[in-house]
Amino acid sequence: MTTPDTARVQSASLSPDKVMHKLVSLAKRRGFIFPSSEIYGGLSSCFDYGPLGSEMKRNIKELWWNAMTRRHQNIVGIDASIMMNPTVWEASGHVSSFNDPLIDDRTTKRRYRADHLIENHIEKLRRDGRDEDALRVQAAYEAAGGSDEPNRALYELIIAEAIKAPDTGSADWTEVRQFNLMFQCNMGAVADSSGTVYLRPETAQGIFVNFHNVREASRMKVPFGIAQIGKAFRNEIVKGNFIFRMVEFEQMEMQYFVKPGTQAEAFETWREERYGWYTAQLGLSPEKLHWYKHDKLAHYADLAYDIKFDFPFGTEEIEGIHSRTDFDLTRHQEYSGKNMEYVDQVTNERYVPYVVETSAGCDRLFLAVLSDAYTEDVVDGEERVLLKLAPKVAPVKAAVLPLMKKGGMGEAAMKLRDELAESFAVQYDDAASIGKRYRRQDEIGTPFCVTVDHESLENGTVTVRFRDTAAQERIQMSQAAAFISARLA
Ligand code: ATP
């Protein structure tokens, strides 16, 4: 065995503003993410996941699904349809109030979310140690939400605080206007309002309307949860930052139904569990994760926190954890005329359950993982780019590389590839020098490179090279699958 020689690897400094540019380029070049319908000039905020991207996205979803359903005796999954009876969205409040307050800058012609401008301003005041000012603006912000003319109140607050556009520093503001984010389409042959349906803007409602179906079919007793991974659609006007904000994206949501009065305890449990998942399962750097408590709550919530992540372009939300009270089930009871109560078989108590929701965006997690993993360093004096992905998340777990294609090494390596492919995603590569092939794998985050050389043909051993340290270890070829599998757990 060759011992790890960390002195061979030296870290290189990397400026955050360049990282996004490099990531977007790497993502396209290596087949993680392509602009959608690129040959026609693309479509704003729409992206396609390529061969490596779809593999990695699948890994993220699998990790979430295992953690949120299979690990829990009392949580089950569903896969509800994207289009639903339109009354669902009246009951949920989306038709009347799924709006963003938008504001334009006349000089730069750029558009911003008025609420985001104010929230970022409050955060900056806090960071600058101006806690009293932060509290004053926070109070005015909350009052704006409840005022008769919320748009006017938001506008006045932005002007009074002299809030500038974060990217341009300009502040030539128009009035604030509301914009509904739901995509409408027509179902059936007649294009009038009777056929109007919506592309769901969140996956949660598919869970609420199936509350009794799932409870009865799976014999669930409160507390229990229903989880779902699926597409959601929002006509986001403020776009940008690659896959951070898309109009079509994938959510991973779990609604946990509890007895009223017990929601605070359930909330704490889920808050802890979700935060832990990011470091233990997804492998994100703990110092880049932060809590953000919502002072201004949505009309349905009695407590809400976001998990935020330090992206190269700023600290932004990746998951929301919300205590949603009995709002959703009560509204569906009202609008559908169907009883949404739960009857406790032991105590005979009847109640509409309260809900604690965990809601993450798969694409944002993908970007968080990718940006956290992007590294440049120097190995044996040679610069390289590598993705330090957790082995569980990496799209390719191992690459099998014959030192030379000739002399039986190519055949032996291909045989080993086929064997490893039974257990995990693996690539075979025999083109270019071994050093170049290592770099190709480093750049896509492959944690293990298995090299078949002359010795392999003589004594059945291979070398395993570790991505981060570039150290190598010689093992029995017959043990390669077990050796790598043990390191993927
Ligand atoms: P934001 O304030 O960034 O618009 P949100 O608070 O509206 O997000 P939620 O409705 O709580 O988001 O949705 C839950 C999760 O879904 C978010 O934490 C995020 O990861 C993801 N998400 C929401 N909107 C988008 C989008 N347009 N593109 C990609 N992911 C999104």
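Start at 1 and go down the list; that is how both ligands and their atoms are numbered. Throughout, numbering of the chain's residues begins at 1 and tracks the sequence. In what follows, every heavy atom counts, from backbone to side chain, and hydrogens, waters and symmetry copies are set aside.
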Give yes if a backbone or side-chain nitrogen or oxygen of I318 is under 3.5 Å from a nitrogen or oxygen of ligand 1, and no if not.
yes
Where's the contact between D306 and ligand 1, heavy-atom distance under 4.0 Å: side chain, backbone, both or neither?
neither
side-chain contact (heavy atoms from CB on, under 4.5 Å) against D115, all qualifying residues, sequence neighbours excluded:
P101, R113, E119, Y141
Crowding at CD, Q73 (>12 non-hydrogen neighbours, <6.0 Å):
no
For the atom pair CG (D302) and OH (Y300), what is the distance rounded to the nearest 0.5 Å?
11.5 Å
Do E273 and R71 come close enough that some side-chain heavy atom pair is under 4.5 Å?
yes
Atoms of ligand 1 under 4.0 Å from any heavy atom of E236, numbered from 1 in the order shown, are 24 (N), 26 (C), 27 (N)
Considering P201, S359, A298, which one's heavy-atom position lies nearest to atom 15 (C) of ligand 1?
S359
For Y275 and W291, take the angle between the two ring planes, folded into 0 to 90°, and tell me which bin it lands in: parallel under 30, tilted 30 to 60, perpendicular over 60.
parallel
Looking only at N/O atoms, are D363 and ligand 1 under 3.5 Å apart anywhere?
no
E149 atom CD, neighbour heavy-atom count above 12 within 6.0 Å
no
Any idea which protein heavy atom is nearest atom 21 (C) of ligand 1, and the distance to it?
G361 CA, 3.6 Å
Would A360 count as a polar contact of ligand 1, with the cut-off being nitrogen or oxygen pairs under 3.5 Å?
no
Value rounded to 0.5 Å, distance of CG in L329 from CD1 in I207:
11.0 Å
Do me a favour and list the nearest non-hydrogen protein atom to atom 29 (C) of ligand 1 with residue, atom name and distance?
F244 O, 3.3 Å
Given R234, E248, E202, which one has a non-hydrogen atom that is nearest to atom 9 (P) of ligand 1?
R234
Of all residues at least two apart in sequence or in a different chain, which pass the side-chain contact (heavy atoms from CB on, under 4.5 Å) check with T446?
V396, A399, Q441, I444
Using the ring centroid of each side chain, check whether F309 and Y278 are separated by less than 6.0 Å.
no
In terms of relative ring orientation, are Y49 and F366 parallel, tilted or perpendicular, with 30° and 60° separating the classes?
perpendicular
Find all atoms of ligand 1 within a distance of less than 4.0 Å from any non-hydrogen atom belonging to R113, and give their numbers and elements.
4 (O)
Minimum-distance protein heavy atom relative to atom 4 (O) of ligand 1
R245 NH1, 2.8 Å
Which atoms of ligand 1 are found less than 4.0 Å from any heavy atom of E319?
18 (O)
Region of E316 engaging ligand 1 - heavy atom pairs below 4.0 Å
neither
Flag the pair F47 / F249 as yes when their ring centroid distance falls below 6.0 Å, and as no otherwise.
no
The protein heavy atom nearest to atom 19 (C) of ligand 1 is R364 NH1, 3.5 Å
Considering only heavy atoms, does E119 approach ligand 1 within less than 4.0 Å through its side chain, its backbone, both, or neither?
neither
Name the closest protein heavy atom to atom 28 (N) of ligand 1, giving the residue it belongs to and the distance to 0.1 Å.
M246 N, 2.9 Å
Could you tell me the residue and atom name of the protein heavy atom closest to atom 2 (O) of ligand 1, and the distance to it rounded to 0.1 Å?
H116 NE2, 3.7 Å
Below 3.5 Å, N or O to N or O, backbone or side chain included: is there any such pair between F249 and ligand 1?
no
With under 30° as parallel and over 60° as perpendicular, where do the rings of F208 and H332 fit, or are they tilted in between?
tilted
Nearest-contact summary for atom 13 (O) of ligand 1 - protein heavy atom, Å
Q251 NE2, 3.3 Å
With under 30° as parallel and over 60° as perpendicular, where do the rings of H294 and H322 fit, or are they tilted in between?
perpendicular
Is the shortest distance from a heavy atom of H322 to ligand 1 less than 4.0 Å?
yes
Starting from atom 17 (C) of ligand 1, which protein heavy atom do you reach first, and at what distance in Å?
E317 OE2, 3.3 Å
